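Following: one structure in structure tokens, then a few remarks.
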Amino acid sequence: MSYRFLKGHGTENDFVVLPDPDGTVHGGADGEMSAERVRALCDRRAGIGGDGVLRAVRRGDGWFMDYRNADGSVSEMCGNGIRVFARYLHEHEGEPFPMRIQTRDGVKVLDRAGDELTADMGRPQVLGETSVSVMGRSWPAVHVSMGNPHAVAFVDNLAEAGPLLEPPEHDDAVYPEGVNVEFVVRRGEHHVAMRVHERGSGETRSCGTGACAVAVATALADGAPRGTVYRVDLPGGTLRVEWTEDDRVLMTGPAVLVAEGTTDL
Ligand SMILES: N[C@H](CCC[C@H](N)C(=O)O)C(=O)O
């Protein structure tokens, strides 16, 4: 059976958008998308290709964002994804801004910011110190949750992280469900650059929740006052992140829809 999809990205973190308002197109017997279908859709050779899938399901008088990583695993939240999801809802479902979107990590509010979008990502949780390792080299890391788990490691040079073809080693006791690992270098005042190995997707060109975790960890390290806006450069583009005085994280960046079509995958 053919069904409609769209393709979009936020700073080159790319996603397959699946309109499924009644939850009937992609929900199996349990109403859930199969991991096998997600993997097929995200396959960059035999499928459409993507770092994840954003399934749009109506829930009550709003929309639920069912996010899956490219390996089919579920994540609580996706920062670049929710901007792309909001762009889809605005342009194809007539949803006005500001809009409220339901996610596994609660309701998020998205609004326009010029040509870009700002997502209120809610309260960060700073959960202590841990460490990560790559090819026998270890770094201290800050454990930050943005609804999903992150380990933020400050390095002198992003190349130190190596090819990032495998997940960095981490403490399974701290991250029983796996972890997104960010490597960060400073570029100037309130300006950092990062790479990320994403749980369930591998190294991606960008990670929105990762950029938020990085900005929180950097603001703490800097002793920066709340309300400071950090510029976060990623391989796929730039995001701006503010940890506000009322302890919320606002992330601003682009969201682009590049194609739509039908598939039998
Ligand atoms: N791989 C992440 C989810 C996607 C995060 C990233 N794409 C973002 O923009 O936040 C996880 O398993 O928690």
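Atoms within a ligand are numbered from 1 in the order they appear, just like the ligands themselves. Predicted, not measured: the structure shown is a model, and the values here were computed from it.
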**Q.** Residues Ser206, Glu12; criterion side chain to side chain donor-acceptor pair (under 3.5 Å); working and verdict
**A.** CA-CA 6 Å; Ser206 178; Glu12 299 182 3; over 6 Å; no
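With hydrogens and angles ignored, the 3.5 Å screen pairs no side-chain donor or acceptor of Glu242 with any backbone N or O of Val249.
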Can you give me every donor-acceptor pair (side chain of residues 119-131, partner residue at least two apart or in another chain, under 3.5 Å) with its distance?
residue : atom : partner : partner atom : Å
Asp120  : OD1  : Gly122  : N            : 2.9
Asp120  : OD1  : Arg248  : NE           : 3.2
Asp120  : OD2  : Arg248  : NE           : 2.8

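Sorted by chain and number, the heavy-atom contacts of ligand 1 below 4.0 Å come from Asn13, Tyr67, Asn69, Ser75, Met77, Cys78, Gly79, Asn80, Asn148, Asn180, Glu198, Arg199, Cys207, Gly208, Thr209.
Every residue meeting the side-chain contact (heavy atoms from CB on, under 4.5 Å) condition with Arg226, not counting sequence neighbours, appears here in chain and number order: Trp243, Glu245, Asp247. Qualifying side-chain contact (heavy atoms from CB on, under 4.5 Å) partners for Glu91, counting only residues two or more places apart in sequence or in other chains: Arg87, Leu257.
Residues Ser138 and Glu169 are not in side-chain contact: their nearest non-hydrogen atoms beyond the backbone lie 4.5 Å or more apart.
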